[in-house]
2 protein chains.
Amino acid sequence: MRKPRSQMIVETRTKLIAAARAAFGTVGYAQTSMDDLTASAGLTRGALYHHFGDKKGLLVAVITEIDAEMNAHMQAVSAKAGDPWTGFRDECTAYIELALDPEIQRIMLRDGPAVLGDPWDWPTLSECIRSMTESLTKLAETGVIAPIDPEAAARLIAGATQYAAQWIANAPEPEAISRKAIDAFNLMLDGLLARS
Amino acid sequence: MRKPRSQMIVETRTKLIAAARAAFGTVGYAQTSMDDLTASAGLTRGALYHHFGDKKGLLVAVITEIDAEMNAHMQAVSAKAGDPWTGFRDECTAYIELALDPEIQRIMLRDGPAVLGDPWDWPTLSECIRSMTESLTKLAETGVIAPIDPEAAARLIAGATQYAAQWIANAPEPEAISRKAIDAFNLMLDGLLARS
DNA sequence: AGTAATTACATACGCACCGTATGTCAATTC
DNA sequence: GAATTGACATACGGTGCGTATGTAATTACT
């Protein structure tokens, strides 16, 4: 039974990140014991601190993984649309739908910012938000929307979508609430369109 | 040196809340030691757990106090305006300006939600947000804005303003950023106005 | 191939911190 | 003025993080 070293490393990292993702996403970051977490992955805290430095390092790794998935999904959605404007709206809607996932809510929207600070300052993340900023930049250049600062718009939209998602996710009837939220959201988005 | 008991209680509660507000607002909730905090107020942890039950209880007390102040300020601002719509816009701007305070950012917008959950579910808070919902309800009834769900709009606006505030507060040149953010924000708000 | 150096983990330890249980002394109550 | 309530302080146990140290296996060197 000979295993190459590099493979072992990938396996342990994967196991730890998977366990952390499950734990952080359910009981939360602060309530997760590193002893229990590593034990559930069949390891000890030694492995953890060797690979990730500390508890925050593990959180960063988890966030990086989730963000990559979110970004890929949003890219795919916006690429599917006909024109840039609907592509952007679809992208925002996709973001809201992603944010309905309790795991994403807890890790990306609550514990993440609380532990690591403003997501816009994260070195890894903002991939999925940076893509929104790029879309807005192009929309402003081509005159589809009114000439405003793309980053400002992206920030406002990200904030609105996040709150909308949290609202929907915690609502007793997500379906009905979801429709209300998306209606209001589209109305606000239309405020950005260039006046004819 | 005779002091009535009720006065002692108020004094200690005030001292603890003030110390907590300073500590939570600077080093953060998780990084604040209850030993150090109570010591800085000239007390011990005994007083803390007697009055507030646990660490979270103290946070709730701090949040309640800050929220009352924010609410009072926003009410005053919106009452000063001429018509309801500008009153509402001023209210939103006031919220953004309040959110520039690092203490409010840290306690109300980051640590608070992380520890206590969605602010909309807080029994005490949402005073300042509930007031925004009321304003929107009236604006929708009088036909000033398009007929959308007031709570949905309030949520979206609250999210947008919060993100705008965090952006401004962390920016190297808050003045310039603030203008950009408020411009974009007003543009989005106008999207809610009834189309003529 | 055999030795040396790296490294991926486990084990052991100290320390800080939270919450509770218990004690004490002053202020009310009768 | 004796009894009781209650506002705090003190003492204790438990938990969890980070680090220092140990070990065994893989890689690198000659």
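Here is how names work: the chains are called A, B, and so on, in the same order as the sequence lines, proteins then strands, and each is numbered from 1.
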Do [X] and [Y] have side-chain heavy atoms sitting under 4.5 Å apart?
{"X": "A:I17", "Y": "A:T14", "value": "no"}
{"X": "B:R110", "Y": "B:Q105", "value": "no"}
{"X": "B:M34", "Y": "B:L58", "value": "yes"}
{"X": "B:D111", "Y": "B:L116", "value": "no"}
{"X": "A:P113", "Y": "A:M108", "value": "no"}

[X] has an atom [atom1]; how far is it from atom [atom2] of [N], in whole Å?
{"X": "A:F52", "N": "C:dC9", "atom1": "CZ", "atom2": "P", "value": "10 Å"}
{"X": "B:Y49", "N": "C:dG19", "atom1": "OH", "atom2": "P", "value": "4 Å"}
{"X": "B:Q7", "N": "D:dA7", "atom1": "CD", "atom2": "C1'", "value": "15 Å"}
{"X": "A:M8", "N": "D:dT27", "atom1": "CE", "atom2": "C1'", "value": "14 Å"}
{"X": "A:K55", "N": "D:dG18", "atom1": "NZ", "atom2": "P", "value": "8 Å"}
{"X": "A:D35", "N": "D:dG14", "atom1": "CG", "atom2": "P", "value": "16 Å"}
{"X": "A:L48", "N": "D:dT19", "atom1": "CG", "atom2": "P", "value": "12 Å"}

Discussion item. Near DNA chain C, counting only heavy atoms under 4.0 Å, which residues of residues 36-45 of chain B show up?
Written reply: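 Heavy-atom cutoff 4.0 Å gives B:R45.
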Discussion item. Can you list, in residue-number order, the parts of residues 12-32 of chain B that come under 4.0 Å of DNA chain C, counting heavy atoms only?
Written reply: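 Residues of residues 12-32 of chain B under 4.0 Å from DNA chain C: B:T32.
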Practice prompt. Represent DNA chain D in dot-bracket notation, 5' to 3'. Only Watson-Crick or G-U wobble pairs with both distances under 3.5 Å count; pseudoknot-style crossings use [ ] and interstrand partners use |.
Written response: |||||||||||||||||||||||||.||||
Practice prompt. Taking side-chain hydrogen bond (donor to acceptor under 3.5 Å, both in side chains) as the test, write out the residues that go with A:D54, two or more places apart.
Written response: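 In terms of side-chain hydrogen bond (donor to acceptor under 3.5 Å, both in side chains), with neighbours along the sequence ignored, A:D54 is linked to no residue.
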[N] phosphate, OP1 or OP2: any side-chain N/O from [X] under 4.0 angstrom?
{"X": "B:S33", "N": "C:dC17", "answer": "yes"}
{"X": "B:H51", "N": "D:dC8", "answer": "yes"}
{"X": "A:H50", "N": "C:dC9", "answer": "no"}

Discussion item. I'd like to know if B:E69 pairs up with B:R21 as an ion pair, taking the criterion as any Lys NZ or Arg NE/NH1/NH2 lying under 4.0 Å from an Asp or Glu carboxylate oxygen.
Written reply: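 Counted as a salt bridge, because a side-chain N and a carboxylate O are separated by less than 4.0 Å.
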Fill in: Check ion pair B:R45-B:D36 (N to O, under 4.0 angstrom)
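A salt bridge is absent here (no side-chain N lies under 4.0 Å from a carboxylate O).
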Distance-only donor-acceptor hits, side chain of residues 148-158 of chain A, under 3.5 Å, sequence neighbours excluded:
residue: A:D149; atom: OD1; partner: B:K180; partner atom: NZ; Å: 3.3
residue: A:D149; atom: OD2; partner: A:E151; partner atom: N; Å: 3.3
residue: A:D149; atom: OD2; partner: A:A152; partner atom: N; Å: 3.0

Worksheet item: When you measure from the side chain of A:M34, which nucleotide among C:dG19, D:dC17, D:dC8 comes out closest?
Response: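 Closest of the options to the side chain of A:M34: D:dC17.
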Between side-chain atoms of residues 24-31 of chain A and protein atoms elsewhere (two or more places apart, or another chain), which donor-acceptor pairs fall under 3.5 Å?
residue: A:T26; atom: OG1; partner: A:A22; partner atom: O; Å: 2.8
residue: A:T26; atom: OG1; partner: A:A23; partner atom: O; Å: 3.2
residue: A:Y29; atom: OH; partner: A:K56; partner atom: N; Å: 3.4

Discussion item. Under a plain distance cut-off of 3.5 Å, with no hydrogens placed, do A:T86 and A:D83 share a side-chain donor-acceptor pair?
Written reply: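 Result is yes, a qualifying pair exists.
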